[in-house]
Structure formats: C-alpha cells, structure tokens
Amino acid sequence: MSGRRPDRHQARSNWRPPTPSHIDLHSHTCRSDGLLTPAQLAADAAAAGITLLAMTDHDTLAGVRELRASGGTPAGLEVLPGIELNSVLNDPGAAGEGEVHVLGIGVDPDDDELEAALAQQRERRRTRFDLMVQRLRQLGLSIDGALEAQQEQRATTDDDALGRPRIARALIACGYATSVEDAFEKHLSMGRPAYVPRLGLNAVESIRAIRKAGGLASLAHFAEAPGHLGFLRELMDAGLNGLEVYYRAYDQGTVGLLKDVAVRLGLVMTGGTDYHGDHERYAEAHAQLYVPDEVADGVRSAVRSAVRQGVARST
C-alpha cells in the first residue's frame, strides 16, 4: 500500500471535464501550506464558477475563521469549514511515509475538543519543522534567510500549520531546489537526508475527532482503495464515511474504480482540486477538475446527519 498522493501536476490524457465543476471540497490557504489568503482563495474559486468550497487546511481552521471575520465570502459561494489531517498509521509500512490523509468536511469550527486536538497537531508540526530546518543547516543548506523573508511577507501565528512545502519554497529561494517536487525528492521525503518522521494523531483518532465535531470524514487521494477494502472497513469501524473519488490528478479509469468502491461500501463521494498555488492559478487547477453536482447532496446530507446526532448526544 503506497498511499502516495498522485502528482497533481503530471500531464494526464487529453480528457477534459464534460462540464465546469461547481464543487471543490479540498483546498488550502496560506494558513497551512497554500499560498493564497482565505479571501483570495474564496474570490478565485467563485470567479471560476465554484458555488460550494471546503477550505481544508492542514490541522487548522484559522483560514475559515479569518474569512468569516472579514465578511469576505463572495456572493453565491458557500464555504464549508474543513481540515485535512495527516494521520499516522500504526503500521509504518502500511502506506507511503506511514500516513494517510483524512479530510474533515463541515466540521464545527467552534468545537473546543477538536481545536484542542488541532493545537496539539500544530505544535508537533512546529517541532518537526524546526528539526528539518536544523538538519538542512547541518548539511550546509541553511534556509534561515528565506524563512525570515517568508515571515516578513506574512507573519506566522500559533494558529498556522507549518509543513514541508514552506521548507521546500525556502530551498527554492536559496537555489537548493528547482521546484517543490524537486525539494521533496532531494531533501524532504522519507529516506532523504532532512526527513523527520511525523508524530500526531493516528488515522482512527483523526476520524473520530472529525465525526465528533460534526464533520464528514473522507479519505483523501487514496487511489489504492480498490485493493485495500479490508483497510477501509477498519477505518469505517472508526467512523470513516467518505472517500475522495474525484481528484484532479485522477484519470477516468481511477475515478471509475473509486466510485465502485464508494458505492460498494456505502461511502459518501467527495472531490476537489487539493489546490495550493505553487504551480498555477486557481482557474487553471479548476479546469482540470470534475466533481458532479450531485456530490453536494451527499456531503450536505452527511453533515446534517452528523449535526443531528451531535444534538441528540448533548440532550
């Protein structure tokens, strides 16, 4: 089981989406490892024709809160609070780098228990981030100046989730890599000299935290799903109720196989761009995405059901 995220930028066939997508349930802002501010992402998504957007930053809901506080949501765009949890597997060899990614779509951004878990995740991210920067320094690849420049451009707060893409961009700025992918390949991936294993929530803990906060728990960019139904059923026992079937790097064959898995297991289908902003404008990423409109119905139904169950538990 590789668990490796598909390369979003790898050229696919000449297939083009049959209609423009109105749904994107996987996106990132500068509050984690994206480049756009929450307001910029919302504006670009709306301009591209998106009407339902989930902001799913890694381990933080700060972007959603920032957008709500600013009142900057464009007319006609619904923004669902979301997160993406990089979740450690108990068996380190079970997936690429020993982790899977779980999307929490429609979570309650005011849920104190979820926020406590996310704060712990972010602290572990900062520790890992600092260790990788230290290892690069020991290798003669100091990126301190580039990181200071990043900080000057946009101050990092305790609510921001630090990740390897920030280090990769600093490596590029210093001339040590030519792209984010090149930085990962040379320095930051498992087995490379600056790699540090992840610590944090495991997959079961992530799923349970998302479900308790009223969200849909969807396994992200897991193209290997058809060959690992037993693994999926184990996660479903913990509360997994969604699968990312539509992903902009998937060819139609992969989408078909994942759709069959979702139907067979009764998982809600989700889909998105996984947009970060390193390689293209949002409109260009959107042009590669196809998420059928009916996906929104399944997602909304799952979130409503979770909210009702939460109210029932609290009364």
Side-chain angles (χ1 to χ4, degrees), residues 23-29 31-32 34 37-39 41-42 45 50-74 77-87 100-125 157-161 200-220 235-236 238-244 267-272 295-315:
I23 302 164
D24 184 354
L25 301 172
H26 191 170
S27 64
H28 299 274
T29 79
R31 302 310 296 268
S32 64
T37 66
L41 176 60
I50 295 294
T51 58
L52 182 63
L53 176 72
M55 285 187 179
T56 54
D57 278 318
H58 295 273
D59 300 329
T60 184
L61 286 155
V64 171
R65 297 191 186 106
E66 180 180 315
L67 183 67
R68 289 185 169 183
S70 70
T73 303
L77 178 67
E78 178 184 358
V79 177
L80 292 176
I83 50 173
E84 182 174 4
L85 299 179
N86 298 49
S87 307
V100 291
H101 294 201
V102 184
L103 296 172
I105 300 170
V107 294
D108 179 3
D110 299 318
D111 185 280
D112 291 337
E113 189 173 345
L114 175 62
E115 182 52 40
L118 295 180
Q120 189 174 45
Q121 286 281 94
R122 293 194 296 271
E123 181 59 34
R124 288 165 171 164
R125 276 182 171 272
T157 71
D158 288 343
D159 288 335
D160 289 351
L201 295 174
N202 64 38
V204 168
E205 291 168 334
S206 294
I207 291 165
R208 288 176 176 167
I210 288 166
R211 294 298 305 276
K212 287 182 69 175
L216 164 67
S218 178
L219 193 61
L235 297 184
M236 289 175 67
L240 182 77
N241 58 340
L243 180 66
E244 191 171 52
L267 293 169
V268 176
M269 300 182 204
T270 70
V295 163
D297 296 332
V299 169
R300 288 193 176 101
S301 177
V303 172
R304 284 196 301 269
S305 177
V307 170
R308 286 196 300 268
Q309 291 171 7
V311 170
R313 285 194 298 267
S314 64
T315 57

Restricting to non-hydrogen atoms, name the atom on Ala161 and the atom on Arg125 that form the minimum distance, rounded to 0.1 Å. CB-CD, 3.9 Å
Ion pair Arg122/Asp159, N-O distance below 4.0 Å: yes
Which residues satisfy the side chain to side chain contact (heavy atoms under 4.5 Å, CB included) test with Thr270, sequence neighbours excluded? Leu25, Ile105, Leu216, Ser218, Glu244, Val299
Please give me the minimum heavy-atom distance between Leu41 and Ser27, naming the atom from each residue. CD2-OG, 3.6 Å
Taking side chain to side chain contact (heavy atoms under 4.5 Å, CB included) as the test, write out the residues that go with Asp110, two or more places apart. Asp108
For Val268 versus Ala302, what's the shortest heavy-atom pair and its separation? CG2-CB, 4.1 Å
Arg31: partners by salt bridge (charged side-chain N to carboxylate O under 4.0 Å, His left out), with sequence neighbours left out: Glu66, Asp160
Quick check for you: to the nearest 0.5 Å, what is the distance between Glu84 atom CD and Ile210 atom CD1? 9.5 Å
Just to verify, what does Arg65 make a salt bridge (charged side-chain N to carboxylate O under 4.0 Å, His left out) with, not counting sequence neighbours? Glu115
Under 3.5 Å donor-acceptor, Gln121 side chain and Leu201 backbone: yes
Kindly compute the distance separating CG (Leu103) from OG (Ser206), expressed to the nearest 0.5 Å. 11.0 Å
Full working for side-chain contact (heavy atoms from CB on, under 4.5 Å) between Val79 and Arg68: CA-CA 9 Å; Val79 177; Arg68 289 185 169 183; over 6 Å; no
When rounded to the nearest 0.5 angstrom, what distance separates OG1 in Thr51 from CG in Leu77? 7.5 Å
Residues forming a side-chain hydrogen bond (donor to acceptor under 3.5 Å, both in side chains) with Thr29, sequence neighbours excluded: Asp57
Name all residues meeting the side-chain hydrogen bond (donor to acceptor under 3.5 Å, both in side chains) criterion together with Thr73; count only those two or more places apart in sequence or in a different chain, and write none if there are none. none
Gln120 meets the side chain to side chain contact (heavy atoms under 4.5 Å, CB included) criterion, sequence neighbours left out, with Arg124
Tell me whether the rings of His58 and His101 are parallel (<30°), tilted (30 to 60°) or perpendicular (>60°). perpendicular
For Arg208, check salt bridge (charged side-chain N to carboxylate O under 4.0 Å, His left out) against everything at least two apart and list the hits. none
Roughly how far apart are Arg211 CZ and Leu114 CG, rounded to 0.5 Å? 13.5 Å
Atom pair OG (Ser87) and CG (Leu219), whose distance is rounded to the nearest 0.5 Å: 9.0 Å
Would you indicate whether Glu78, at its atom CD, is surrounded by more than 12 heavy atoms from other residues, nucleotides or ligands within a distance under 6.0 Å? yes
Tell me every residue that passes salt bridge (charged side-chain N to carboxylate O under 4.0 Å, His left out) with Asp111, counting only those two or more places apart in sequence or in another chain. none
Nearest non-hydrogen partners of Ser32 and Thr60, listed with the distance: CB-CG2, 4.4 Å
Mind checking the CG-CG spacing from Leu52 to Asp24? Nearest 0.5 Å is all I need. 9.0 Å
Specify the closest pair of heavy atoms between Ala217 and Ile207, including all atoms of both residues, with the distance to one decimal. CB-CG2, 4.1 Å
side-chain contact (heavy atoms from CB on, under 4.5 Å) between Leu85 and Asp59, intermediate numbers included: CA-CA 6 Å; Leu85 299 179; Asp59 300 329; 3.0 Å; yes
Sequence-distant partners of Thr56, side-chain hydrogen bond (donor to acceptor under 3.5 Å, both in side chains), two or more places apart: none
So which heavy atom on Val100 is nearest to which on Ala203, and how close? CG2-CB, 3.9 Å
